[in-house]
Amino acid sequence: MEKNKFYITTPIYYSNSEPHIGTVYTTIVADTFARFYRLKDYDVFFLTGLDEHGQKLARTAQEKGYTPQEYVDMMAQKFLDTWKKIGITNDDFIRTTQKRHEEVVQKVFQKLYDNGYLYKGTYAGWYCTPCETFYQKEELHDGNCPNCGRPVEFLEEETYYFKLSEFGPALLKYIEEHPEFVYPESRRNEVISFIKSGLKDISATRTTVKWGIPVPFDPKHTVYVWFDALVNYISALGYLSDDDTKFRRYWPADVHLIGKDILRFHAIIWPAILMALNIPLPKTVLAHGFWTIKGGKISKSKGNKVDPHELINIYGVDALRYFLLREVPLGLDGEYSDEAFHRRYTSDLANDLGNLLNRVLTVAEKYSEGKVPNPSEMKEEDKALLEKTEETAKRVEEEMEKFNPSSALGSIWEVIQDANRYIDQQAPWNLTSDKERLNTVIYTLLEALRRISILLYAFIPDSAVKIQEQLGYQDPQFSWDLIKDVKIPVGQKLNKGKILFPRVERKEKEEKEEIASEPKITIDEFKKIDLRVAKVLSARRVENSDKLLLLEIDLGDEKRQIVAGIAEHYKPEDMVGKEIIVVYNLQPAKIRGYESQGMLLAAKDSKGRLAILTPEKEVDPGSKVS
RNA sequence: GGCGGUGUAGCUCAGCGGUUAGAGCACACGGUUCAUAACCGUGGUGUCCAGGGUUCGAAUCCCUGCACCGCCA
């Protein structure tokens with residue numbers, strides 16, 4: 001009988017920036033599902049890759065002094081290195097600059113054109129040259145760019161549209177008939193209400209972007225990156241190419257794992273393209289949440305990023321995998337904190353699991369010569385522990401089918417807790433006068449650990465392997481069937497090794513940084529900070545934010561806008577006309593969609609009162625502060 | 001502004017019409033010594049956001065308000 005297949009994808013990541021906690025999260029989750037279904041003997045195909053086209057990327061490459069191709073090659077290596085380090089078991093790595101991909105995109109594009117799903121039109125909008133972005137009239141702020149506040153110009157560009165508007169009813173019908181198509185349900189509702197609000201045709205080519213795939217029937221156009229990127233899911237399988245065996249074998253995808261930010265592309269536009277191509281839709285689009293830090297989004301401009309490499313260096317790959325998979329149910333946002341990470345590591349991995357392995361092997365070393373002992377008849381409590389592992393296997397399967405690795409891990413930890421309880425209750429160290437019973441207890445524990453290692457394999461593979469090695473397996477064996485059928489061989493020599501999850505002393509680093517007071521800086525370092533007096537010309541609240549004000553300020557020779565987190569303390573009208581102190585040479589940052597070109601200085605006391613710094617008497621705007 | 005979600009123990013969350021509201025972590029006490037100061041047991045705390053309604057009965061259903069979040073415009 002032919003094996004069941006399981007095709008899972010991650011989005012292809014934009015190679016503009018290096019792997020970060022978000023991309024690492026997505027990839028680890030996908031890897032866990034891939035490993036899990038391989039354990040269950042499915043024929044798994046796990047795809048990830050990179051999105052390497054687009055204007056933004058070409059510009060970044062240029063800024064860094066590379067050709068676009070050199071730059072994406074370099075970035076691809078960084079991604080591959082990271083995936084290797086984390087133990088990602090992808091079966092292919094698609095890059096949109098690969099010929100195999102470009103050819104398929106062109107063929108797909110041609111096919112859609114031939115079938116009448118693409119038509120030539122013009123794209124009209126207000127264009128902000130510095131931001132290289134089109135806006136619709138409603139998006140503008142007082143007629144200016146909502147991003148940088150600068151004037152925009154009305155432009156028209158020739159483009160080919162994809163007839164998305166035709167697919168609304170068919171998509172709705174499909175989603176209603178396939179409740180598992182979008183997951184979790186809250187996202188499904190979002191998709192439905194978006195479709196019901198009416199779909200518009202969507203621009204699918206650009207004439208101004210050169211770093212992209214040329215449109216075969218009109219080469220002055222390139223295919224818009226979103227289209228280019230989506231096709232990766234079938235181009236990697238060889239759709240419309242000479243050898244399409246993989247496409248025939250694996251399509252449709254079982255799971256497109258994505259972040260919630262790209263839900264519309266995957267749950268609306270991509271299915272519409274597939275319908276236009278007359279090929280089946282993916283079974284499930286699974287949208288996960290974001291990681292936040294102290295309630296805010298993780299972003300470079302806030303400087304609150306989490307460095308996955310650093311966590312791996314301190315705690316190990318499996319700790320990172322475990323934390324990301326366990327801490328938060330898939331689909332919800334999760335709050336990252338070093339404390340939470342450390343707590344998970346210490347209490348779950350070190351205390352519960354690592355310590356269990358360690359104490360069992362010590363007992364075996366002391367009381368059964370470091371070998372798997374020969375058990376005599378098992379009592380109820382022995383059988384109960386082993387049966388629990390089988391029940392847990394079923395529960396893990398159920399939870400994974402519901403896309404909930406967090407709960408799956410929760411149930412595995414119940415077995416680990418049971419095993420800890422079992423060893424306490426049986427107290428093998430008190431059984432030295434009853435050798436038969438002692439051997440049975442030790443055997444039961446070793447066998448339970450063997451089973452636990454298989455339960456854990458998809459989630460924390462390195463540790464699962466290490467557990468089996470310590471149980472004396474030369475060549476660790478992982479297969480879901482082995483949870484019940486096979487028993488650990490009597491007489492097998494155990495191989496107690498290093499502590500699985502050694503305790504990590506936290507705080508050292510941070511305490512040094514925080515408590516050892518702030519380091520002194522030199523006068524030269526201080527001089528790097530350019531402080532200026534500015535006069536507030538206008539102020540208004542930033543929409544959807546209680547804390548932010550958008551200030552337009554006069555710096556003598558120039559005007560700037562800054563975003564300041566003072567709205568809870570100052571009303572916009574109070575600010576107008578005030579002179580403030582700003583950091584003039586601060587790297588601009590985008591906050592809530594607005595570019596902040598500086599930072600104002602203010603003092604906050606422990607009671608939460610906030611006071612803005614202002615010159616003691618009026619001086620000309622633009623004056624330097626020193 | 002529209003649609004949707006969330007608000008439960010110090011923290012993270014489960015429960016979503018029916019006995020005295022639960023789990024993990026944290027905390028306290030006890031046990032244990034095989035173990036990574038680990039493990040096991042016991043224990044407490046909750047105006048279940050606020051107000052109103054439906055019901056024999058509501059954390060659970062309905063309405064209103066507040067707060068936060070998401071999607072859209």
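Naming: A, B, ... by sequence-line order, numbering from 1 per chain.
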For B:rA9, the nucleotide meeting Watson-Crick or G-U wobble distances (both under 3.5 Å) is none

Of A:D418 and A:V360, the one whose nearest nucleotide on RNA chain B sits closer to the 5' end is A:V360

Against the side chain of A:L500, the closest entry in B:rU36, B:rC34, B:rG70 is B:rU36

Would you mind reading off the distance between A:Q425 atom CD and B:rU33 atom C1', rounded to a whole angstrom?
16 Å

Any-strand Watson-Crick or G-U partner of B:rC3, both distances under 3.5 Å:
B:rG70

Taking A:S406 for its side chain and A:R326 for its backbone only, find out whether a donor-acceptor pair lies under 3.5 Å.
yes

To the nearest Å, give me how far apart CZ (A:R187) and P (B:rG70) are.
9 Å

Pair assignment for B:rU36, Watson-Crick or G-U wobble, requiring both distances under 3.5 Å:
none

Distance between the P atoms of B:rA14 and B:rC61, in whole angstroms?
14 Å

For A:S197, report the nucleic acid contact type (base, sugar-phosphate, nothing); a contact means any heavy atom under 4.0 Å.
nothing

Considering only the P atoms, how many Å lie between B:rU60 and B:rU6, rounded to the nearest integer?
13 Å

In whole angstroms, the gap separating C1' of B:rC72 from CD1 of A:I195 amounts to 13 Å

Counting Watson-Crick and G-U wobble pairs only, both distances under 3.5 Å, name the nucleotide matched with B:rC56, or none.
B:rG18

Examine B:rG41: is either OP1 or OP2 under 4.0 Å from a nitrogen or oxygen in the side chain of A:R421? Give yes or no.
yes

For nucleotides B:rG46 and B:rA9, find the distance between their C1' atoms and express it as a whole number of Å.
5 Å

In terms of heavy-atom contacts, does NZ of A:K388 have more than 12 from other residues, nucleotides or ligands at under 6.0 Å?
yes

Base, sugar-phosphate or nothing for A:D348? Non-hydrogen atoms, less than 4.0 Å.
nothing

Give a yes or no on whether a donor-acceptor pair under 3.5 Å exists between the nucleobase atoms of B:rA35, that is its base, and the side chain of A:N355.
yes

Sugar-phosphate, base or nothing in reach of A:R503, heavy atoms under 4.0 Å
base

Name the nucleic acid region contacted by A:N189, choosing base, sugar-phosphate or nothing; use a 4.0 angstrom heavy-atom cut-off, strictly under.
nothing

Send over the distance from A:F501 CZ to B:rA35 C1', rounded to a whole Å.
16 Å

In whole angstrom, give me the gap between the P atoms of B:rU19 and B:rA58.
11 Å

Hunt down the Watson-Crick or G-U wobble partner of B:rG51, both distances under 3.5 Å, from any strand shown, or write none.
B:rC63

Taking atom CD as the centre, does A:E180 end up with more than 12 heavy-atom neighbours from other residues, nucleotides or ligands that are less than 6.0 angstrom away?
yes

Should B:rA28 form a Watson-Crick or G-U wobble pair with both distances under 3.5 Å, which nucleotide is its partner?
B:rU42

Rounded to the Å, how far apart are A:R344 CZ and B:rA26 C1'?
13 Å

Tell me whether the side-chain N/O atoms of A:N351 come closer than 4.0 Å to OP1 or OP2 in B:rC39.
yes

Describe the nucleic acid contact of A:Q417 in one word from base, sugar-phosphate, nothing, applying a heavy-atom distance below 4.0 Å.
sugar-phosphate

Between B:rG5 atom P and A:I192 atom CD1, what is the distance in whole Å?
13 Å

Which one, B:rG70, B:rC72, B:rC34, comes nearest to the side chain of A:R359?
B:rC34

Looking at A:E177, I'd like to know if its CD atom is crowded, meaning that more than 12 non-hydrogen atoms belonging to other residues, nucleotides or ligands lie closer than 6.0 Å.
yes

Determine the Euclidean distance between corresponding P atoms of B:rG18 and B:rG30; express it in Å to zero decimal places.
40 Å

Check whether any side-chain heavy atom of A:Q492 lies under 4.5 Å from a side-chain heavy atom of A:K371, and answer yes or no.
no

So if I take every side-chain heavy atom of A:E190 and compare against B:rC71, B:rA35, B:rC40, which nucleotide ends up nearest?
B:rC71

Categorize A:R264 for me: base, sugar-phosphate, or nothing, with a 4.0 angstrom heavy-atom threshold over every strand shown.
sugar-phosphate

Taking the six-membered ring for Trp, are A:Y25 and A:H20 closer than 6.0 Å centroid to centroid?
no

Would you mind telling me which residue lines up with the more 5' stretch of RNA chain B, A:I423 or A:D352, judged by nearest nucleotide?
A:I423

In whole Å, I'd like the distance from the CG atom of A:N358 to the P atom of B:rA37.
10 Å

If I take atom CG in residue A:L353 and atom P in nucleotide B:rC39, what distance separates them, rounded to the nearest angstrom?
12 Å

Quote, to the nearest angstrom, the P distance that separates B:rG5 from B:rG44.
36 Å

Can you tell me how far C1' in B:rC40 sits from the matching atom in B:rG53, rounded to whole Å?
49 Å

State whether the side chain of A:S411 and the backbone N or O of A:A408 hold a donor-acceptor pair below 3.5 Å, judged by distance alone.
yes

Sticking with atom P, work out how far B:rG41 lies from B:rA26, rounded to a whole angstrom.
14 Å

For a quick test of your reading: what N or O donor-acceptor pairs under 3.5 Å do the side chains of residues 352-362 of chain A make, sequence neighbours left out?
from, atom 1, to, atom 2, distance (Å)
A:R359, NH1, A:N420, OD1, 2.9
A:R359, NH2, A:D424, OD1, 2.8
A:T362, OG1, A:N358, O, 2.7
A:T362, OG1, A:K496, NZ, 2.9

